[in-house]
Amino acid sequence: MLVNPGFESGREPWHAIQNRNWGEFEVVEGIARTGSRSARLPVEWPRGKPGQTAKVFGVIQEPVPDRFPDPSLFPEKLSGWYFVESWDKDQPATDLYVQVVVIIWGDPRTGRIVDPYNPPKSLTNYQIRYYLAGLENEPFLLKNAKLEFIEKGPPKVGEWVHFDIPLRADFQRLWGVVPTGYEKIRVLFEARWDNKPEGSGCSAVVYYDDLFLGWGEPEG
């Protein structure tokens with residue numbers, strides 16, 4: 001249910017969030033798992049540059065259930081490939097990592113799902129954050145997020161790495177429900193850093209390709 005999952009048609013409909021905590025992405029040729037194009041995330045913060053302690057680079061789509069073959073069914077799986085070209089950080093305390101986030105927006109049960117004993121009325125989403133590489137421990141906690149490690153430790157550099165997530169089963173296991181009645185699914189494929197000591201730097205170049213959200217197995 002992702003459009004242009006291999007980026008062969010360019011940027012659209014992929015996008016990034018437009019605020020100071022997010023950086024831009026590129027669609028490039030030359031490094032691709034299949035075809036000729038992929039999404040390139042140029043993560044960088046120079047040493048000595050003042051300012052924030054978190055920065056996200058990523059690509060996003062927001063499928064709506066009306067587009068699904070059966071709007072009542074939640075996608076079975078999320079999969080894809082990432083490639084780390086370079087990876088560097090000045091300070092071990094910096095959390096530099098690759099992750100996928102799936103956010104359910106507008107489920108009318110959200111408050112009760114997140115906290116059945118004291119449902120927050122203003123909460124509009126719940127999510128799962130999948131750590132693909134780069135971390136040993138969670139960088140931070142969110143009340144409306146469940147956390148899942150796919151791999152721990154530094155990423156493999158210079159090779160395409162596959163991830164295959166049983167999305168529907170994970171929501172049932174971690175949240176106790178399969179999402180229904182929601183407005184949209186926001187899917188974010190990211191490379192990012194958090195908790196960077198002031199004055200330190202970090203950099204990485206990460207690519208994504210052949211991304212899949214749906215039922216059964218992706219082609220290719």
Side-chain angles (χ1 to χ4, degrees), residues 2 5-7 14 16-17 21-28 30-34 37-47 52-61 77-103 127-142 145-167 169-171 173-174 186-197 200-213 218 220:
L2 300 176
F7 304 95
W14 297 99
I17 294 174
N21 293 321
W22 271 71
E24 275 297 332
F25 70 94
E26 308 167 279
V27 173
V28 298
I31 295 181
R33 192 245 162 191
T34 62
R37 294 179 175 177
S38 64
R40 181 179 185 268
L41 311 181
V43 181
E44 186 173 12
W45 196 268
R47 183 183 305 166
Q52 60 208 77
T53 57
K55 187 86 172 183
V56 187
F57 297 79
V59 292
I60 302 170
Q61 280 196 36
K77 69 183 298 181
L78 178 68
S79 66
W81 298 77
Y82 69 91
F83 181 99
V84 176
E85 184 177 51
S86 62
W87 193 264
D88 182 62
K89 57 182 181 178
D90 290 351
Q91 298 294 328
T94 299
D95 290 317
L96 177 63
Y97 56 107
V98 184
Q99 78 166 357
V100 175
V101 183
V102 181
I103 305 176
Q127 57 185 268
I128 302 177
R129 306 175 82 86
Y130 293 96
Y131 302 128
L132 301 183
L135 294 174
E136 293 289 349
N137 300 291
E138 301 89 345
F140 55 84
L141 299 176
L142 294 171
K146 300 295 186 181
L147 313 175
E148 188 82 351
F149 280 89
I150 303 302
E151 294 287 345
K152 288 190 174 185
K156 298 175 183 176
V157 176
E159 63 180 90
W160 284 101
V161 178
H162 186 237
F163 58 91
D164 194 342
I165 294 167
L167 191 63
D170 280 355
F171 270 94
R173 174 173 60 89
L174 295 171
R186 177 178 289 173
V187 187
L188 309 94
F189 302 90
E190 301 177 357
R192 63 179 289 165
W193 51 262
D194 292 275
N195 305 316
K196 184 180 65 61
S200 66
C202 64
S203 66
V205 178
V206 177
Y207 299 78
Y208 281 100
D209 201 5
D210 294 338
L211 304 174
F212 177 84
L213 174 72

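Index from 1, following the sequence. Keep in mind that the numbers below use all heavy atoms, side chains included, and drop hydrogens, waters and symmetry copies. All of these numbers come straight from a predicted model, not from anything done at the bench.
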Rounded to the nearest 0.5 angstrom, the CG-NE2 distance for D210 and H162 is 9.0 Å

Minimal heavy-atom distance between P42 and F57, with the atoms involved, is O-CE2, 3.3 Å

_Using a 3.5 Å distance criterion without hydrogens, assess whether the side chain of S38 forms a donor-acceptor pair with backbone atoms of I31._
yes

Nearest heavy-atom approach of R129 to F140 is NH2-CZ, 3.7 Å

Nearest heavy-atom contact between T94 and S200 is OG1-OG, 4.0 Å

For Q52, the side-chain hydrogen bond (donor to acceptor under 3.5 Å, both in side chains) test, sequence neighbours excluded, returns R20

Is there a side-chain contact between E190 and W22, using heavy atoms and a 4.5 Å cut-off? yes

How about D164 and F212: do any of their side-chain heavy atoms sit closer than 4.5 Å? no

Closest heavy-atom pair, A39 versus V59, reported as atoms and distance to 0.1 Å, is CB-CG1, 4.1 Å

Are there more than 12 heavy atoms of other residues, nucleotides or ligands under 6.0 Å from atom CZ of R173? yes

Item to check | Test: R33 cationic atom under 6.0 Å from W81 six-membered ring centre, within 45° of axis | outcome: yes

| message | I'd like to know whether Y130 forms a side chain to side chain contact (heavy atoms under 4.5 Å, CB included) with F163, so could you lay out the CA-CA distance, the side-chain angles of the two residues, the decisive distance to 0.1 Å, and finally the verdict. | response | CA-CA 10 Å; Y130 293 96; F163 58 91; over 6 Å; no

dist L167:CG -> K77:NZ (nearest 0.5 Å) comes out at 11.0 Å

Original post:
When the ring planes of W160 and F83 are compared, do they come out parallel, tilted or perpendicular, using 30° and 60° as the limits?
Top reply: tilted

For V98 and V206, the nearest pair of non-hydrogen atoms, with its separation, is CG2-CG2, 4.3 Å

Heavy-atom closest pair (K89 atom, L96 atom, distance to 0.1 Å) is CD-CB, 4.2 Å

*Would you find a donor on one side and an acceptor on the other, under 3.5 Å apart, between the side chain of D194 and the backbone of D95?*
no

Less than 4.5 Å apart, any side-chain heavy atom of Q127 and any of L188? no

Let's go through L211 and F7 carefully: what are the C-alpha distance in whole Å and the side-chain angles of both, what is the deciding distance for side chain to side chain contact (heavy atoms under 4.5 Å, CB included) to 0.1 Å, and is it a yes or a no?
CA-CA 9 Å; L211 304 174; F7 304 95; 4.0 Å; yes

For the side chain of N195 and the backbone of P139, is there at least one donor-acceptor N/O pair under 3.5 Å apart?
yes

- Could you check if a side-chain atom of W14 sits within less than 4.5 angstrom of a side-chain atom of F189, using non-hydrogen atoms only? yes

Could you walk me through whether L141 and L147 pass the side chain to side chain contact (heavy atoms under 4.5 Å, CB included) check?
CA-CA 8 Å; L141 299 176; L147 313 175; 3.6 Å; yes

- Between F25 and R40, is any pair of side-chain heavy atoms under 4.5 Å apart? no

d(D88 CG, C202 SG) to nearest 0.5 Å is 8.5 Å

Got R186 and I60 here, is their nearest side-chain heavy-atom distance under 4.5 Å?
-> yes

- Min side-chain heavy-atom separation V100-Y82 under 4.5 Å: no

dist L135:CG -> K152:NZ (nearest 0.5 Å) comes out at 9.5 Å

Item to complete: Without swapping roles, check the side chain of Y207 against the backbone of R37 for a donor-acceptor pair under 3.5 Å.
Response: no

Within-4.5 Å side-chain heavy-atom neighbours: V161 and P155: no

Rounding to 0.5 Å, atoms CG (L132) and CD1 (I150) come to a distance of 6.5 Å

Once the angle between the rings of F149 and Y131 is folded into 0 to 90°, is it parallel (under 30°), tilted (30 to 60°) or perpendicular (over 60°)?
tilted

